[in-house]
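These values consider heavy atoms only, across backbone and side chains, with no hydrogens, waters or symmetry-generated copies. Given the structure is predicted, the values throughout are model-derived calculations rather than measurements. Naming convention: chains lettered A, B, ... in sequence-line order (proteins, then strands); numbering from 1 in each chain.
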2 protein chains.
Amino acid sequence: MKVTELAKSLGTTADTVRYYTRLGLLKPAKSVNGYKSYSNKEVSRLKFILSARNLGFSVADIKQILNESEDGKSACPLVRSLIKERLEETEKQFQAMLALRGKMSSALSQWEEMEDKAPTANMVCHLIENFEQIKKA
Amino acid sequence: MKVTELAKSLGTTADTVRYYTRLGLLKPAKSVNGYKSYSNKEVSRLKFILSARNLGFSVADIKQILNESEDGKSACPLVRSLIKERLEETEKQFQAMLALRGKMSSALSQWEEMEDKAPTANMVCHLIENFEQIKKA
DNA sequence: CTTGACCTGTGTCTTAGACACAGGTCTAAG
DNA sequence: CTTAGACCTGTGTCTAAGACACAGGTCAAG
């Protein structure tokens, strides 16, 4: 199987396959013409990688998990602990985005009723520089 | 004013100041010893940049806004249109994070009751590979 | 003069791929 | 057999927004 073939069969891009290969997550054989040749084992490996990415694991996480399982050990404990970390991070980012979204939409609606002003020596844009979010009661 | 001095006075890092300087958003004079020297004008410029970053504008956006205002034009229309774009992006990312968070926390709770399994030829980790999110009714 | 604390600019690194590009492969037409 | 064109290849570079490393410069105290 060639790069593009593998990629399409799992609904991803050739660049993604190349990226994982570069990192050593996939280990294709070299075909005669120098092209990479992927076996069925690589297909299921890639399937795993894509599932894990979809669940929020980082590529580095996945590398770790694959290493563990290559030693014949169960990766389950590692997987549980990693997802706990990732979920915490996601939660933080989520809260940050929630706050940002609020700020932005508040700014947008405020600014629609405000006039344009030319810049001055110490003010680039009064919309931004005078913005203060209205606090929720 | 030196780099660190400026950074501390506005509660940011020297690296951030250097970064903006590298991009040309700040234009310090060169002091005798080769160090960068920031004037009061740079202070208010940086203050503006930090406010805009805080509202979700990208550094590229800010560059655009600064260019506009340097020509003496009002940046307000540009600012309104940019924040609209950024807000839409933020909304998309927000929804994506919301979905991801749900998936992850669902996985976490499911996996706590599932046993460990050793890897097999075509399965790295059954937790991940057999995961299917329970759909909300 | 020397020590040590702090500061400097420059260059490299990060994520997870996307994109550019020069060249190779392969199929069909001539 | 040759040629054209479509498609594919690996490698190298780019992205955002700084963080970090590092060799060397500066400056006040002793």
Side-chain angles (χ1 to χ4, degrees), chain A residues 1-38 42 45-46 48-66 82 85-86 89-90 92-93 96-97 100, chain B residues 1-38 42 45-46 48-66 82 85-86 89-90 92-93 96-97 100:
Chain A
M1 253 191 165
K2 285 182 285 182
V3 169
T4 307
E5 220 169 335
L6 171 59
K8 279 190 185 154
S9 81
L10 294 181
T12 186
T13 72
D15 280 320
T16 298
V17 171
R18 288 202 194 94
Y19 177 58
Y20 296 156
T21 304
R22 253 187 271 212
L23 293 185
L25 300 189
L26 299 175
K27 292 157 196 162
K30 266 167 202 158
S31 125
V32 192
N33 46 20
Y35 287 8
K36 277 144 187 158
S37 170
Y38 296 86
E42 309 302 322
R45 248 174 116 83
L46 179 55
F48 168 74
I49 297 172
L50 295 173
S51 306
R53 289 286 300 128
N54 186 40
L55 269 165
F57 291 96
S58 74
V59 173
D61 289 343
I62 294 170
K63 194 165 193 172
Q64 232 182 114
I65 295 168
L66 285 171
L82 284 173
E85 288 178 46
R86 297 300 155 257
E89 292 170 10
T90 301
K92 266 185 208 159
Q93 292 175 35
M97 298 226 60
L100 180 60
Chain B
M1 254 194 166
K2 285 182 284 183
V3 169
T4 306
E5 219 168 336
L6 171 58
K8 279 190 184 156
S9 81
L10 293 181
T12 186
T13 71
D15 278 322
T16 297
V17 172
R18 288 201 194 95
Y19 177 58
Y20 296 155
T21 304
R22 256 190 267 211
L23 292 186
L25 301 188
L26 299 175
K27 293 157 194 160
K30 266 168 200 156
S31 124
V32 193
N33 45 20
Y35 287 9
K36 279 144 187 158
S37 169
Y38 296 87
E42 308 303 321
R45 247 175 119 82
L46 179 55
F48 168 74
I49 297 171
L50 295 173
S51 305
R53 288 287 300 129
N54 186 40
L55 269 165
F57 291 96
S58 74
V59 173
D61 290 343
I62 295 170
K63 195 165 193 173
Q64 233 182 114
I65 296 169
L66 285 171
L82 284 173
E85 288 179 48
R86 296 301 155 255
E89 291 171 10
T90 301
K92 266 185 208 160
Q93 291 175 33
M97 297 226 61
L100 180 60

Item to check | Side-chain donor/acceptor of A/Lys36 to backbone N/O of A/Lys27, under 3.5 Å | outcome: no
Checklist entry - Salt bridge check: are B/Arg86 and B/Glu89 linked by an N-O gap of less than 4.0 Å? => result yes
Checklist entry - Okay, side chain of B/Arg45, backbone of B/Ile49: is any donor-acceptor separation there less than 3.5 Å? => result no
Checklist entry - Would you say a side-chain N or O of B/Thr13 is under 4.0 Å from OP1 or OP2 of D/dA19? => result yes
Checklist entry - Nucleotide range of DNA chain C contacted by chain A, 5' to 3', under 4.0 Å to a heavy atom? => result C/dA16 to C/dT25
Next on the checklist: Using heavy-atom distances to pick each residue's nearest nucleotide on DNA chain D, tell me which of B/Val59 and A/Asp15 is more 5'.
Outcome noted: A/Asp15
Item to check | Where B/Leu23 and B/Lys63 come nearest, the two heavy atoms and their spacing | outcome: O-NZ, 3.0 Å
Checklist entry - Between atom CG in B/Asp61 and atom P in D/dA17, what is the gap in whole Å? => result 8 Å
Next on the checklist: Checking side-chain contact (heavy atoms from CB on, under 4.5 Å) between A/Arg53 and each of A/Thr12, A/Ile62, A/Asp61, which is the one that passes?
Outcome noted: A/Ile62
Checklist entry - Checking side-chain contact (heavy atoms from CB on, under 4.5 Å) against A/Val17, which of A/Leu10, A/Leu26, A/Thr4 comes through? => result A/Leu26
Checklist entry - In dot-bracket notation, what is the pairing pattern of DNA chain D, taking Watson-Crick (N1-N3 plus N6-O4 or O6-N4) and G-U wobble (N1-O2 and O6-N3) contacts under 3.5 Å, with [ ] crossing and | for other strands? => result ||||||||||||||||||||||||||||||
Next on the checklist: If you take any heavy atom closer than 4.0 Å to DNA chain C, which residues from residues 18-29 of chain B end up in contact?
Outcome noted: B/Arg18, B/Arg22
Item to check | Between B/Asn54 and B/Ser51: side-chain donor-acceptor atoms closer than 3.5 Å | outcome: no
Next on the checklist: I want to confirm an ordering. Mapping B/Ala60 and B/Lys2 to their closest nucleotides on DNA chain D, which one lands closer to the 5' end?
Outcome noted: B/Ala60
